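All of these numbers come straight from a predicted model, not from anything done at the bench. Numbering starts at 1 and runs along the sequence shown. Counting starts at 1 for both ligands and their atoms, following the listed order.
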Amino acid sequence: MKKCHLCQQDFNDGDVISLEGLDVCAGCKPEFLRRMQEGDLESAYYHYAGFWIRVVAKMIDGLILFTVTFPIGLLTAMISEGFIKDSTSGKGLAAFFILQGINMVIGFLIGLTYSASFLATKGATPGKMACGIRVINADGTLKISLGKAIGRGFAEILSQMILYIGYLMVAWDSEKRALHDHICNTRVIYKK
Ligand SMILES: [Zn+2]
């Protein structure tokens, strides 16, 4: 039994052919060749990007985002301080937490807009570009849809919520997938 790379169905060994190192069924062969020709498909000969290079990419993106989120954080911190000083009742404290919450949501939305727009248009955030890595779909196609890019951003929250173990999974996964890669059917590879 072999699995066709495109339709993901099982076939007898004799019914699949090997193209560019990938198993493809007869029905999917024309589609496969069309995608190869349009440059919308990576062959099987790619290298998955490992844990540390992805950490470096994340740090670069983090620094870029920090230049935007830091002034916003500073501003909300200053406003919240005023609230706490002005009020001895619980109201000041409530306002403080609400502002912190808003701050977190704004930070997340800025990060999400940043990563999703770069992933959907260039296949990589500036941090990933600097590291020579990119995100592709599990079937080898290069173009990440905007919906998937946004979904991946939300899935990353899960990876963070479990003490970043979702990211750490890259270290032992056979295809170096993070939890959000599992959920969104994406892979991170070295650019050619
Ligand atoms: Zn197929």
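- M1 meets the side chain to side chain contact (heavy atoms under 4.5 Å, CB included) test with D10, N12; sequence neighbours excluded.
- Between atom NZ of residue K2 and atom CG of residue D13 there is a gap of 5.0 Å, rounded to the nearest 0.5 Å.
- For the Zn ion (ligand 1), protein N/O/S neighbours under 2.8 Å (waters excluded) are C4 SG, C7 SG, C25 SG, C28 SG.
- Note: the hydrophobic cluster containing I60 does not contain V135 (ILVMFWY, side chain heavy atoms under 4.5 Å, direct or indirect links).
- Among residues two or more places apart in sequence or in another chain, the ring-ring contact (aromatic ring centres under 6.0 Å, His included) test is passed with H180 by Y167.
- Every residue two or more places apart in sequence or in another chain was checked for a ring-ring contact (aromatic ring centres under 6.0 Å, His included) with F11, and none qualifies.
- Linking Ile, Leu, Val, Met, Phe, Trp and Tyr whenever their side-chain heavy atoms come within less than 4.5 Å puts M161 and I165 in one cluster.
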